[in-house]
Each structure stands twice: as structure tokens, then as C-alpha cells.
Novice: 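There's a structure below that I have some questions on.
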Amino acid sequence: MSAESDGSTLARLVAWYVRHCNGEWEHGFGFRISTLDNPGVALDVGLRETELEHVPFAEIKVDYDTADRWMICRRNDERFEGRGAPGRLEDMIEEFLRWAEAHATRQTD
């Protein structure tokens with residue numbers, strides 16, 4: 001089963017990444033998932049040289065005053081940033097994918 005066909009959130013993120021790999025883009029851009037010390041998780045996705053490079057993203061801030069459900073997703077220059085409680089990682093990826101898939105373009109090269 002391919003990453004795209006299983007439909008999981010992570011598989012869809014990986015498929016978005018693979019669609020943008022062209023022999024050069026992936027050397028400087030991509031996505032990163034890391035941990036925070038509060039505790040929390042972070043998602044960063046490079047937008048440069050993608051169809052999202054100039055697309056606005058309205059900040060999403062959910063349950064920001066709670067320790068176990070907080071999440072914020074925003075655009076910071078050429079990067080999508082998601083930050084949140086550990087249990088919100090999939091939600092952050094889903095917010096990115098909802099935005100990315102709404103602005104997807106077919107590559108013709």
C-alpha cells in the first residue's frame with residue numbers, strides 16, 4: 001500500500017512533500033516535526049517554491065489557555081507553523097493539509 005493510498009494524515013503530508021520534490025526543492029525545503037519543552041509539538045512546512053508560497057493563511061488559535069489541548073497554526077513568511085499540545089500533532093497536520101489541498105494545482109512539467 002502506498003503512502004498516498006492509505007489516506008492517513010501523515011501519509012497525506014508525505015505525499016504533499018513528494019509531489020514537490022524535483023531534485024532541488026527538497027535540498028532546502030520540506031517539513032519538520034519536533035518537540036517543544038512546555039511540553040508540546042511543532043510542525044514546520046516550507047512554502048517557498050510551492051503553490052502556497054503567496055497564499056494567505058488565517059491564524060487558527062484553539063484552546064490556547066489549556067495545557068493539554070492548545071494549538072496554534074499560522075503562516076510565518078515562507079513557512080507554515082503549527083504549535084500545540086502533544087495530542088494535537090495530527091490536528092496541526094490536518095489544518096495544513098486542508099489549506100494545501102484547497103489550493104492544490106496540477107504540476108505540468
Side-chain angles (χ1 to χ4, degrees):
M1 180 179 294
S2 75
E4 250 181 297
S5 66
D6 83 11
S8 75
T9 309
L10 185 56
R12 289 169 44 223
L13 177 61
V14 169
W16 181 89
Y17 165 77
V18 169
R19 279 193 304 277
H20 292 85
C21 292
N22 63 8
E24 293 181 26
W25 180 84
E26 63 273 18
H27 293 281
F29 308 103
F31 71 90
R32 178 169 297 174
I33 296 171
S34 57
T35 58
L36 304 173
D37 64 358
N38 53 350
V41 291
L43 169 68
D44 293 293
V45 183
L47 304 175
R48 193 166 179 200
E49 299 177 20
T50 74
E51 67 278 7
L52 302 172
E53 185 172 18
H54 301 292
V55 177
F57 180 85
E59 181 177 275
I60 298 169
K61 199 182 250 187
V62 179
D63 295 329
Y64 203 69
D65 295 328
T66 66
D68 62 342
R69 292 291 306 153
W70 71 277
M71 179 180 81
I72 184 168
C73 296
R74 61 183 168 226
R75 183 190 173 113
N76 186 354
D77 293 325
E78 296 176 338
R79 190 173 65 235
F80 173 92
E81 296 180 340
R83 304 289 185 267
R88 298 304 295 263
L89 177 59
E90 191 164 354
D91 297 328
M92 291 184 285
I93 296 171
E94 187 61 45
E95 289 299 337
F96 170 75
L97 291 169
R98 189 181 344 268
W99 177 58
E101 291 166 355
H103 296 86
T105 58
R106 293 250 179 232
Q107 305 230 340
T108 57
D109 26 324

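Heads up: numbering here begins at 1 and tracks the sequence. The basis for the numbers below is simple: all heavy atoms, side chains too, and nothing from hydrogens, waters or symmetry mates. Please read all numbers here as calculations on a predicted model, not as lab measurements.
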Novice: Would you say Glu51 and His20 are linked by a side-chain donor-acceptor pair, where the criterion is simply a distance under 3.5 Å?
Specialist: yes

Novice: Quick one: does Asn38's side chain have a donor or acceptor within less than 3.5 Å of a partner on Gly40's backbone?
Specialist: yes

Novice: Given the rule that I, L, V, M, F, W and Y join up when any side-chain heavy atoms are under 4.5 Å apart, are Val18 and Leu13 in one cluster?
Specialist: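 Yes, it is one cluster - the side chains of Val18 and Leu13 are joined through contacts under 4.5 Å.
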
Novice: Can you tell whether the side chains of Arg75 and Glu59 come within less than 4.0 Å, N to carboxylate O?
Specialist: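 No salt bridge links Arg75 with Glu59.
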
Novice: Is Arg88 reaching over with its side chain to a backbone N or O of Arg69, donor-acceptor style, under 3.5 angstrom?
Specialist: yes

Novice: Is Asp44 salt-bridged to Arg32, going by a charged N under 4.0 Å from an acidic O?
Specialist: no

Novice: Is there a side-chain contact between Val41 and Leu36, using heavy atoms and a 4.5 Å cut-off?
Specialist: no

Novice: Got more than 12 heavy atoms from elsewhere within 6.0 Å of NE2, His54?
Specialist: no

Novice: Once rounded to the nearest 0.5 Å, what's the spacing between atom CD of Glu95 and atom CE of Met71?
Specialist: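 So the CD of Glu95 and the CE of Met71 are separated by 5.0 Å.
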
Novice: How many angstroms lie between CD1 in Ile60 and CD1 in Ile72, if you round to the nearest 0.5 Å?
Specialist: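 Output value for this atom pair is 10.0 Å.
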
Novice: What heavy-atom pair brings Pro86 and Pro39 nearest, and what distance separates the two atoms?
Specialist: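 Minimum heavy-atom contact is CD-O, 3.8 Å.
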
Novice: Apply side-chain contact (heavy atoms from CB on, under 4.5 Å) to the pair Asp65 and Trp70, showing each step before the final yes or no.
Specialist: CA-CA 7 Å; Asp65 295 328; Trp70 71 277; over 6 Å; no

Novice: NE2/His103 to CZ/Phe57 distance, rounded to the nearest 0.5 angstrom?
Specialist: 10.5 Å

Novice: In Å and rounded to the nearest 0.5 Å, what is the CZ to CZ distance from Arg48 to Phe29?
Specialist: 4.5 Å

Novice: Output the distance between atom OG1 (Thr9) and atom CZ (Arg98), rounded to the nearest 0.5 Å.
Specialist: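 One gets 10.0 Å once the value is rounded to the nearest 0.5 Å.
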
Novice: Could you grab the distance from atom CD of Glu94 to atom CG of Asp91, nearest 0.5 Å is fine?
Specialist: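 One gets 8.0 Å once the value is rounded to the nearest 0.5 Å.
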
Novice: Pair Trp16, Phe96 - check side-chain contact (heavy atoms from CB on, under 4.5 Å), show working.
Specialist: CA-CA 10 Å; Trp16 181 89; Phe96 170 75; 3.8 Å; yes

Novice: So does Gly87 get a backbone contact from the side chain of Glu90, meaning a donor-acceptor N/O pair under 3.5 Å?
Specialist: no

Novice: Of the non-hydrogen atoms in Ala85 and Ala67, which two are nearest, and what is the gap between them?
Specialist: CB-O, 3.8 Å

Novice: Would a distance-only check, ignoring hydrogens and angles, find a side-chain to backbone donor-acceptor pair under 3.5 Å from Trp25 to Tyr17?
Specialist: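 No: the side chain of Trp25 does not pair with the backbone of Tyr17.
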
Novice: With clusters defined by side-chain heavy atoms of hydrophobic residues (ILVMFWY) lying less than 4.5 Å apart, directly or transitively, does Met92 cluster with Val55?
Specialist: yes

Novice: Assess whether side-chain contact (heavy atoms from CB on, under 4.5 Å) is satisfied between Ile93 and Leu43, documenting all intermediate values.
Specialist: CA-CA 7 Å; Ile93 296 171; Leu43 169 68; 3.9 Å; yes

Novice: Applying side-chain contact (heavy atoms from CB on, under 4.5 Å), run through Leu52 and Phe80 and close with a yes or a no.
Specialist: CA-CA 9 Å; Leu52 302 172; Phe80 173 92; over 6 Å; no

